[in-house]
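The structure under discussion appears below in the form of structure tokens.
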Amino acid sequence: MAFRPWPGIIPRVEGMPALRYTTTGDGVSLAYTVTGAGPTLVWMPSLGNLVAQWRVPPLREAYRRLAESVRLVLYDGRGTGASDRRVDPAGLGLDGQLQDLAAVLDAACSPGPVALLGYYHSVPAAVAFAARHPERVSRLVLFGGALRLREAMSPQQTQALLWLVDRDWELFAQTAAHAWLGWDSGENGRLIAEMFRTACSHDIATAIFQHAESIDVSADAASVRAPALVLHRQGERQLSVEVSRQLADALPHGVLHVLDGTTPTLFFEDPGADLDLVTGFLGGEEIPAARAAMGAPTPPDAGPQPPPLTDRELQVLRLLAGGSSNRQIARALGIAEHTVERHAGNLYRKIAARSRAEAAAYAVREGWA
């Protein structure tokens, strides 16, 4: 059956370039956009939707600013956004990501090398492609990922969010907008939640994250010839700086730069500084080793304020947010299962949660997951 682009329910915003389409070697149709002029930067996708992304003002401004210095290529991976959504879940792992990237490069880029921006779960694919096709990659910018992707997914907050994926897709989108991108209310928060919600179906998201748990490109790292800038801006609940440091250390020409702030994003918290750093690196500037090694100072974190729960209720909430069943919570805490049920009922009432999913989302928002 011929591919029909997913029309979605999201109108395109003024200034968004036209969607173009290409087909992978295994027959999957991919949507992409091209804007700007200069050396090519391919921003590899995480969980997103091109049309929805262009509607988010901070992202749209980042794309506009990047396009002043580079030829910016964006695309939706298989199963997501405006790309073909009728895909085999078995093809959503690393091999599928590499086929997607190769198809976009063939369609949108000249034969010469290009820069890749790997973002969250596309970081390992960027590293693997650079190692296996060194003639096609000039520079790497990497944010939010790891060679063994499970290390980037292991923080408790991330596990709580992933637990929501298959239980309440709408609540996942709203909570992810707050936890991953730092937006909770207002128009930006609504648009970012819409970006997550319309990225794909919950079963495709579940398959993507299941594949991600087993992705490991550590054997490829030593073969990467391109200079690589590893950027880190995360609170400890999201991703430890040591994970980013290990990534940079494993790449022969890798350097770590710790950005000011704690919101786990690029181009949102301090967009001007982020853009200057990235475009400077893409233009050939070297990141001073001492500055990169020291990183930017991280402000002390006073930590989240306790919700109105008892210590035991907090323990139950944290385990619940991590996906544990009542029986597993009882074993972990050495109490009876009916006691867990009583604590869960009490904490639901105190935080006005109507389900385990809502309680998990509360734990993420308040910093207790």
Side-chain angles (χ1 to χ4, degrees), residues 1 3-12 16 19-24 26-33 43-56 59 74-101 103-104 118-126 144-145 149 152-153 158-181 183 189-215 265 357 361:
M1 185 182 296
F3 169 68
R4 296 189 301 275
W6 178 72
I9 57 174
I10 306 172
R12 285 176 54 194
M16 175 184 171
L19 287 175
R20 307 181 190 187
Y21 287 87
T22 188
T23 303
T24 66
D26 59 345
V28 177
S29 185
L30 302 178
Y32 69 95
T33 61
W43 187 334
M44 299 172 62
S46 187
L47 189 67
N49 177 334
L50 268 181
V51 179
Q53 288 163 209
W54 274 95
R55 293 182 58 80
V56 180
L59 276 175
L74 305 165
Y75 66 98
D76 284 327
R78 61 183 61 207
T80 70
S83 291
D84 197 340
R85 294 190 168 211
R86 298 168 299 178
V87 297
D88 181 356
L92 293 170
L94 178 64
D95 288 345
Q97 292 181 55
L98 294 176
Q99 289 196 66
D100 290 354
L101 176 58
V104 170
Y119 201 71
Y120 281 98
H121 95 277
S122 63
V123 164
L149 200 50
M153 299 169 64
T158 301
Q159 288 299 309
L161 281 166
L162 298 182
W163 183 81
L164 285 172
V165 166
D166 202 35
R167 289 162 178 81
D168 193 323
W169 185 240
E170 185 71 30
L171 187 57
F172 161 78
Q174 295 170 359
T175 308
H178 171 76
W180 283 346
L181 295 181
W183 298 95
R190 183 188 69 79
L191 290 171
I192 292 170
E194 184 177 68
M195 179 188 77
F196 283 125
R197 179 176 58 80
T198 61
C200 59
S201 63
H202 81 275
D203 56 329
I204 289 294
T206 298
I208 288 172
F209 290 130
Q210 286 175 343
H211 281 289
E213 288 278 0
S214 61
I215 290 176
T265 59

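Both backbone and side-chain heavy atoms feed into the values below; hydrogens, waters and symmetry mates do not. Numbering of residues begins at 1 and proceeds along the displayed sequence.
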Which residues share a side chain to side chain contact (heavy atoms under 4.5 Å, CB included) with A205, sequence neighbours left out:
V165, W169, C200, F209

Is T22 reaching over with its side chain to a backbone N or O of L30, donor-acceptor style, under 3.5 angstrom?
no

Taking all atoms of both residues into account, what is the closest heavy-atom pair of H121 and P45, and its distance?
CE1-O, 3.9 Å

If you look at every heavy atom in N49 and A199, which pair is closest and at what distance?
CB-CA, 4.1 Å

With sequence neighbours left out, what residues match T33 under side chain to side chain donor-acceptor pair (under 3.5 Å)?
none

Quick one: are R85 and I204 in side-chain contact, heavy atoms under 4.5 Å?
no

Of all the heavy-atom pairs spanning S83 and G77, show the shortest one and how long it is.
CB-O, 3.5 Å

For S214, what residues pass the side chain to side chain donor-acceptor pair (under 3.5 Å) criterion, not counting sequence neighbours?
none

With Q53, which residues qualify under side chain to side chain donor-acceptor pair (under 3.5 Å), at least two apart?
Y63

The criterion is side chain to side chain donor-acceptor pair (under 3.5 Å); which residues satisfy it with T24, sequence neighbours excluded?
D26

Look up atom CE in M16 and atom CZ in R55, then write down how far apart they are to the nearest 0.5 Å.
10.5 Å

Residues in salt bridge (Lys or Arg N to Asp or Glu O under 4.0 Å) with D88, at least two apart?
none

Looking only at atom types and distance, does a side-chain atom of D76 sit under 3.5 Å from a main-chain N or O of L50, one as donor and one as acceptor?
yes

Using every non-hydrogen atom in the two residues, find where Y21 and S29 come nearest and quote the distance to one decimal.
CD2-OG, 3.7 Å

Could you check if a side-chain atom of Y75 sits within less than 4.5 angstrom of a side-chain atom of T80, using non-hydrogen atoms only?
no

Would you please test S122 and Q97 for side chain to side chain contact (heavy atoms under 4.5 Å, CB included) and show each step?
CA-CA 8 Å; S122 63; Q97 292 181 55; 4.3 Å; yes

The single option from L92, T206, L149 that satisfies side-chain contact (heavy atoms from CB on, under 4.5 Å) with H211 is L92

Of all heavy-atom pairs linking E194 and T198, the shortest is O-OG1, 2.7 Å

Decide side chain to side chain contact (heavy atoms under 4.5 Å, CB included) for Y119 and L47; before the verdict, give the C-alpha distance in whole Å, the side-chain angles of both, and the deciding distance to 0.1 Å.
CA-CA 10 Å; Y119 201 71; L47 189 67; over 6 Å; no

Report the C-alpha separation of R78 and D84 in whole Å, then their side-chain angles, then the decisive distance to 0.1 Å, and conclude whether the side chain to side chain contact (heavy atoms under 4.5 Å, CB included) test is met.
CA-CA 6 Å; R78 61 183 61 207; D84 197 340; over 6 Å; no

Minimum heavy-atom separation for A31 to L19, with atom names?
CB-CD2, 4.3 Å

